[in-house]
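Residue numbers begin at 1 in each chain, while the letters A, B, ... track the order of the sequences. Note that the coordinates shown come from a computational prediction; the quantities given were computed from them, not determined experimentally.
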There are 2 protein chains.
Amino acid sequence: MPETHRLAGTRYGNRPTMKDVAARAGVGLKTVSRVVNGEPGVTPETERRVQEAIEALGFRRNDSARVLRKGRTASIGLVLEDLADPFYGPLSRAVEEVARAHGALLINGSSAEDPDREQELVLALCARRVDGLVVIPAGDDHRYLEPELKAGVATVFVDRPAGKIDADVVLSDSYGGARDGVAHLIAHGHRRIGFIGDMPRIHTAAERLRGYRAAMEDAGIAVEDAWMSLGATDPLRVRRAAEEMLSGPSPVTAIFAGNNRVTVTVIRVLAEQPRRVAFVGFDDIELADLLQPGVTVVAQDAAALGRTAAERLFRQLDGSLVVPERIELPTRLITRGSGELPPAD
Amino acid sequence: MPETHRLAGTRYGNRPTMKDVAARAGVGLKTVSRVVNGEPGVTPETERRVQEAIEALGFRRNDSARVLRKGRTASIGLVLEDLADPFYGPLSRAVEEVARAHGALLINGSSAEDPDREQELVLALCARRVDGLVVIPAGDDHRYLEPELKAGVATVFVDRPAGKIDADVVLSDSYGGARDGVAHLIAHGHRRIGFIGDMPRIHTAAERLRGYRAAMEDAGIAVEDAWMSLGATDPLRVRRAAEEMLSGPSPVTAIFAGNNRVTVTVIRVLAEQPRRVAFVGFDDIELADLLQPGVTVVAQDAAALGRTAAERLFRQLDGSLVVPERIELPTRLITRGSGELPPAD
DNA sequence: TAGAGCCTGGACAACGTTGTCAGAAGCGGG
DNA sequence: CCCGCTTCTGACAACGTTGTCCAGGCTCTA
């Protein structure tokens, strides 16, 4: 009575299993398995009968059972900060493409920059036995991953290095990029340059700050505290920070922004200013070329970050990689106008 | 000999199981299960011993086995068109938040607007026994999902309706939004208005085209074929289409763009034009307010689409929803300047 | 002190699949 | 006509977890 399936009544219907298919096709369980997996040694006639039964019952192999038996899940996990951030979209997509090329699915989650949530997510992924992990870390202590690494879970950190463990990491050259960006402003005559960035506990933020300081020092400029705002993340605080450094006793004539979110807010503030203030931002943003003036940025290639990380991940899984490495991708200064404005004081 | 674990030598190390933990803690298998799941009936002293063993071995529960036993995976699948598209980032994030609130993980994939790839992804997700699916369909025939629906896989379609099956769907009011946007241009004196949109086989594209036609008809304007470009997706073709309708025998004085990608390209083209051409785009874009002139758009709330869909999904899983419904979310016309320019001919 | 009842812990089966292995059937050659 | 070989098929165990059920030890009361 095939109807019992629908009548069984549990809200979550009983799905047909290979056993059901076998019964319907009048063959053995293993034969169904063979057909489903395209293994050789099945007569065309038998295969047809099995296919028919599969079709009729709407059978789909239960991958949980398969994974349990085989050990590999053909899925990888991606933990990032915020899927909605335009910087992570292309990165995520690049990871997905590589995963797809290797027949793997992508499970992903946003840590919202919260170390606990990061750990929770990563461990949940490990419990699902993902074959590998791509992590954009929020925290700075990843020793909780030691058992996983030992167990052979491939792991690559992206955008920021892992904390207190030895693991692969793929980064953009935040320090060099920021230094070049600030040096660019200095080369155009600026000396009072503001820096607005994220909390220095975030590696990239710290590196970009370091790049800013290095460029200033190289030029022999003493940085004033009032020129730096660290940890301003939400638009309101960024706005306030920008307005303050533009109106203090020694107002800045140029601003360097530490990431894309800061950039969009600062651009808004600058658009309201009576005088032209030079600007360079870290991360490219869409339509930057169409603004007046065009926005000069230090661009990093988010897709390349994701692709590089994912490829490394699968090379770990191949067994062709053993020693963790640190890969740093270059950034690119794109001049569009805002960074080439002269000081206006 | 606990060392055998490390020595075992299979590249994919043997992970400790509950059995190993039980042996080490000197308790029964089920007791470990109880501790791991926080079930009652374990002495604090026993629990401590078990926890210690878990810690020492780096044990993580194998969720594949758990799923196999329990039937639910606590994960949902999201199939969309392109994770890298800024429209889908917030949508995806919203789905994730709702999933998280329900203790579920999110698996997602991009169909790249390819129906076969959509089906492949969806079926892979079903094989993993996701509890539910949020699908932004690429194809127009979803009968392949019938067995899944029957089996109780909660399913919600977003942004575009399902094809040939009866399922929940959450949409933006593409027709109404486009009609309003075009009517807005007409109200500002335009009569020769161009439309550049995606392939009409995509539901939203067809609806927006329908809205355009409706607005034109309402105003008694006969639409010329040269004013419409359908299926131009890549920047080059969009550019060509825009340039053609701006230079023909009866050049348009305004353009309506069918989605965000078309919008950014058209804006570039218009910026190069000697005369001012009015513009309204479907979908809001970042920094639209800072361009000269500001970009008038018909905005849809991507996060709300995702949230609504996901909430409906979990209500299906609760069992509180039975009858598929079609929910249409309103759009909002945001005037910023480009849509209020008068005709310049 | 015996009996009732509770609390803790463990043995065992089951979930749906795949790997192993052995049996059955078909076929050709001696 | 029988043997041996190949080709196809199926029985069975195992993967790691959880649900069921029972046993043993304890406390409490009469």
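Between A:Glu120 and A:Arg117, none of the side-chain N atoms (NZ, or NE/NH1/NH2) sits under 4.0 Å from a carboxylate O, so this pair counts as no salt bridge. Taking the charged nitrogens against the carboxylate oxygens, A:Glu47 and A:Arg34 have no contact shorter than 4.0 Å, which rules out a salt bridge.
Taking side-chain N and O atoms only, B:Arg69 has no distance below 4.0 Å to OP1 or OP2 of C:dA14. The phosphate of C:dG9 (OP1 or OP2) has a side-chain N or O of B:Thr43 nearer than 4.0 angstrom. Contact check, A:Thr46 against D:dT9: a side-chain N or O comes under 4.0 Å of OP1 or OP2.
Among the atoms of the strands shown, none is found under 4.0 Å from any heavy atom of B:Val67. Here B:Ser64 lies out of heavy-atom contact (under 4.0 Å) with every strand. Within 4.0 Å (heavy atoms only), A:Val27 reaches sugar-phosphate atoms of the nucleic acid but no base atom. When heavy atoms are screened at a 4.0 angstrom cut-off, A:Val36 is found touching no nucleic acid atom at all. Residue-level contact check: B:Arg61 touches the backbone only, with heavy atoms under 4.0 Å from sugar-phosphate atoms and none from bases. Within 4.0 Å (heavy atoms only), A:Lys30 reaches at least one base atom of the nucleic acid. Heavy atoms of B:Gly41 sit under 4.0 angstrom from primed sugar atoms or phosphate atoms, though from no base atom. Backbone-only contact: B:Asn37 has heavy atoms under 4.0 Å from sugar-phosphate atoms and none from a base.
Closest to the side chain of A:Asn62, from the set D:dG16, C:dT17, C:dT18, is C:dT17. The side chain of A:Leu68 lies closest to D:dC15 when the candidates are D:dT18, C:dT18, D:dC15.
Two residues, B:Pro40 and A:Ser33, neighbour DNA chain C, and the one matched to the more 5' nucleotide by heavy-atom proximity is B:Pro40. Across the interface with DNA chain D, nearest-nucleotide mapping of A:Val42 and B:Phe59 shows A:Val42 to be the residue nearer the 5′ end.
The nearest whole Å value for the distance from the CD atom in A:Glu47 to the P atom in D:dC8 is 12 Å. Atom NZ in B:Lys19 sits about 13 Å away from atom C1' in C:dA11, given to the nearest Å. Nucleotide D:dG16 holds its P atom 17 Å from the CG atom of A:Asp63, rounded to whole Å. Atom CG of A:Leu29 and atom C1' of C:dA14 are 15 Å apart (whole Å). Between A:Asp20 atom CG and C:dC15 atom C1' the separation is 13 Å, expressed in whole Å. In this entry the distance linking CZ of B:Arg48 with C1' of C:dT8 reads 17 Å, nearest Å. Straight-line distance from the NZ atom of B:Lys70 to the P atom of C:dA14: 19 Å, rounded to whole Å. In this structure, A:Glu39 atom CD and C:dT17 atom C1' are separated by 11 Å, rounded to whole Å.
For the residue pair B:Arg61 and B:Asn37, a side-chain donor N or O sits within less than 3.5 Å of a side-chain acceptor on the partner. Judged by distance alone, the side chains of B:His142 and B:Glu118 do bring a donor and an acceptor atom under 3.5 Å apart.
Between the OG atom in A:Ser64 and the CZ atom in B:Arg128 there is a gap of 9.0 Å [rounded to 0.5 Å].
A donor-acceptor contact under 3.5 Å is formed by the side chain of B:Arg34 with the base of C:dG10.
Here the side chains of B:Val50 and B:Val27 are in contact, with some heavy-atom distance below 4.5 Å.
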